[in-house]
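Notes to accompany the following structure.
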Amino acid sequence: MFRPLELFIGLRYVRAKRRNQFISFISTVSIVCITISVMALITVMSVMNGFDYQLRSRILGAISDATVSGLPGEPVQNWQYAMQQVKANPHVRGAAPYVEIQSFLQGQRSSGAMVRGIDTKQEPNVSDINQHMVAGSFDSLKSDDWNIVLGKDLALQLGVNVGDKVTMVVPELRTSLLGAMPRIRGFTVSGIFEMGMEEFDSGLGLISLDNAEKLKSINGPTGIRLKLDNLYNAQPVARELSDSLGQVYMVTTWMDSHANFFTAISMEKKVMFIILSLIILVAVINLISMLMMLVTDKQADIAILRTLGSTPRSIMGMFMVQGVLVGFVGIGFGVGLGSLLSWRLPGIVKWIEHVTGYTFLSPDVYYISEVPSKLDWHDVIWVSLVTFLFSLLATLYPAWRASRTQPAQALRYE
């Protein structure tokens, strides 16, 4: 016998015999419970990762990591100098000027919208809206062409498509012979984009930077949008730029407007991990029950082994082998099934929606329209370790009880 005695006897106890088929049934139930718990935890963590990834990529794909702006309502002073200072920072990967205008758009129907004036050559350095065009052309935003690119939902609200006309009303009064009048300008819809985020698809329009400056009667952009090498460097970079640019410039980051949102997602993920870990703990209770029944059933075997010279530590190891093996098998099946379910979950949800006609995530309510899933192997490792630790701890008390068995008392009625 080349394997250790504890491992040999522990594996023998795992196999079903006529006397302990019920205990083997409880072992199977324990494996199934641990498998379901691990699978559920991995799947939920993958969905949480998917939500975090989708929201982060879509929100930060339309906004900038950091923004340099002037005084409220005023253009950036000496913006070419500010652009040079910004690009000199080693953490800045791209920069693009912009002008934002809160406006009212009129097509077949009307809607309010934020219209952003951009330079189509520099805008791809800080956002990926050009990669989400569903109609028309992003490069159609040229000076004096008076074209506009709309979000998909905004175009639907206005009842317009590529080639249609919209009227833009800027609520900034100007003096004329008829008195104070708002600025009004007609635009041709030259493109439609879809970011997958209701916030932008239903409330954002793009025009050329020069046209935006003419509408606001300013000479220069109202700010500079930045793309960083790491979005989590936003705060340190903002402090560095504030020191180098001076007090006439304001530097804000994505954390100022969306930090609480992503912090809430991260906190929710941690809470879900703790709650679902309790489900694993409940599943491990079955393992404790199974081992206690096994210890009671094997009293005579334990007594004989003790009389043959087995130490309490050896007896304890025999029963720990069975408990750890049950946990290991449950973890293996749980990781496999959980990873497979996480991988195929979006397709499964779409199939259920197609069969039932029920939409789980309505784009009118939620930021995204499909259930996302992103399997992170760090989460899989953590789940496996936590489950294995619970299984190991569950074996300690039953194994200790087995090691305390007195041979004479156990064999009295045999």
>> Quick check: closest heavy atoms across Thr188 and Lys165, and the distance to 0.1 Å?
In response: OG1-NZ, 2.6 Å
> Taking it one step at a time, do Ile42 and Asp379 satisfy side chain to side chain contact (heavy atoms under 4.5 Å, CB included)?
Replying inline: CA-CA 7 Å; Ile42 290 176; Asp379 291 335; over 6 Å; no
>> Rounded at 0.5 Å granularity, tell me how far CD in Gln77 sits from OH in Tyr249.
In response: 6.0 Å
>> For Pro346, is there any backbone N or O sitting under 3.5 Å from a side-chain donor or acceptor partner on Ser373?
In response: no
> If every non-hydrogen atom of Leu141 is compared with every non-hydrogen atom of Ser190, which pair is closest and at what distance?
Replying inline: CD2-OG, 4.1 Å
>> Please determine whether side chain to side chain contact (heavy atoms under 4.5 Å, CB included) holds for the pair Asp376 and Met45, giving the CA-CA distance in whole Å, both sets of side-chain angles, and the decisive distance to 0.1 Å.
In response: CA-CA 8 Å; Asp376 188 342; Met45 298 295 288; over 6 Å; no
>> Are His132 and Met195 packed together at the side-chain level, in the sense that at least one heavy-atom pair is separated by less than 4.5 angstrom?
In response: yes
>> Can you tell me how far apart CD1 (Ile331) and CG (Leu385) are? Round to the nearest 0.5 Å.
In response: 8.5 Å
> Are any of the side-chain heavy atoms of Pro221 and Tyr98 separated by less than 4.5 Å?
Replying inline: no
>> Can you tell me how far apart CD (Glu240) and CD (Gln235) are? Round to the nearest 0.5 Å.
In response: 12.0 Å
> Got Val47 and Leu345 here, is their nearest side-chain heavy-atom distance under 4.5 Å?
Replying inline: yes
> Looking just at side-chain N and O atoms, do Asn211 and Ser208 make a donor-acceptor pair shorter than 3.5 Å?
Replying inline: yes
> Any chance CZ of Phe273 has more than 12 other-residue heavy atoms, nucleotides or ligands included, within less than 6.0 Å?
Replying inline: yes
> Are any side-chain N or O atoms of Asp65 and backbone N or O atoms of Leu228, one a donor and one an acceptor, separated by less than 3.5 Å?
Replying inline: yes
>> Nearest 0.5 Å, please: how far is CE in Met39 from CG in Leu340?
In response: 10.0 Å
> Under the side chain to side chain contact (heavy atoms under 4.5 Å, CB included) criterion, do Ile288 and Tyr397 qualify, and how do the steps go?
Replying inline: CA-CA 8 Å; Ile288 299 176; Tyr397 179 71; 5.5 Å; no
> To the nearest 0.5 Å, what is the distance between OG (Ser127) and CD1 (Ile118)?
Replying inline: 6.5 Å
> Looking only at heavy atoms, which two atoms of Val38 and Val335 are closest? And how far apart?
Replying inline: CG1-N, 3.8 Å
> Of all heavy-atom pairs between Gln106 and Ser110, which one has the smallest distance, and what is that distance?
Replying inline: OE1-CB, 3.1 Å
> Is there a donor-acceptor contact under 3.5 Å from the side chain of Thr253 to the main chain of Ala234?
Replying inline: no
> So which heavy atom on Leu209 is nearest to which on Pro97, and how close?
Replying inline: CD2-CG, 3.9 Å
>> With heavy-atom distances below 4.5 Å as the criterion, would you say the side chains of Ile101 and Arg116 are in contact?
In response: no
>> Taking CZ in Phe104 as the centre, count heavy atoms belonging to other residues, nucleotides or ligands within less than 6.0 Å. Is the count above 12?
In response: yes
>> A side-chain contact here means heavy atoms from C-beta on lying under 4.5 Å apart; do Phe200 and Asp153 qualify?
In response: no
> Sub-3.5 Å donor-acceptor pair from the side chain of Arg109 to the main-chain atoms of Leu156, do we have one?
Replying inline: yes
> Short question: side chain of Tyr81, backbone of Leu245 - any donor-acceptor pair under 3.5 Å?
Replying inline: no
> Is the number of heavy atoms from other residues, nucleotides or ligands within 6.0 Å of CZ (Arg93) greater than 12?
Replying inline: yes
> Where do Ile224 and Thr67 land on the side chain to side chain contact (heavy atoms under 4.5 Å, CB included) test, with the steps shown first?
Replying inline: CA-CA 6 Å; Ile224 301 172; Thr67 302; over 6 Å; no
> With a 4.5 Å heavy-atom cut-off, do Ile207 and Asn147 have their side chains touching?
Replying inline: no
> Backbone N or O of Gly336 within a donor-acceptor pair of the Ser339 side chain at under 3.5 Å?
Replying inline: no
> Would you find a donor on one side and an acceptor on the other, under 3.5 Å apart, between the side chain of Ser137 and the backbone of Asp139?
Replying inline: yes
> Got a donor-acceptor contact below 3.5 angstrom from the Thr43 side chain to the Leu341 backbone?
Replying inline: no
>> Give me the atom names and distance for the closest heavy-atom approach of Asp229 to Asn233.
In response: OD1-ND2, 3.5 Å
> When rounded to the nearest 0.5 angstrom, what is the spacing between CG in Leu154 and CE in Met114?
Replying inline: 12.5 Å
> Would you say Arg185 and Leu215 make side-chain contact, with heavy atoms under 4.5 Å?
Replying inline: yes
> Within a strict 4.5 Å, meaning less than it, do heavy atoms of the Phe138 and Leu206 side chains meet?
Replying inline: yes
> Between the main-chain N or O of His91 and the side-chain N or O of Asn89, is there a donor-acceptor pair closer than 3.5 Å?
Replying inline: yes
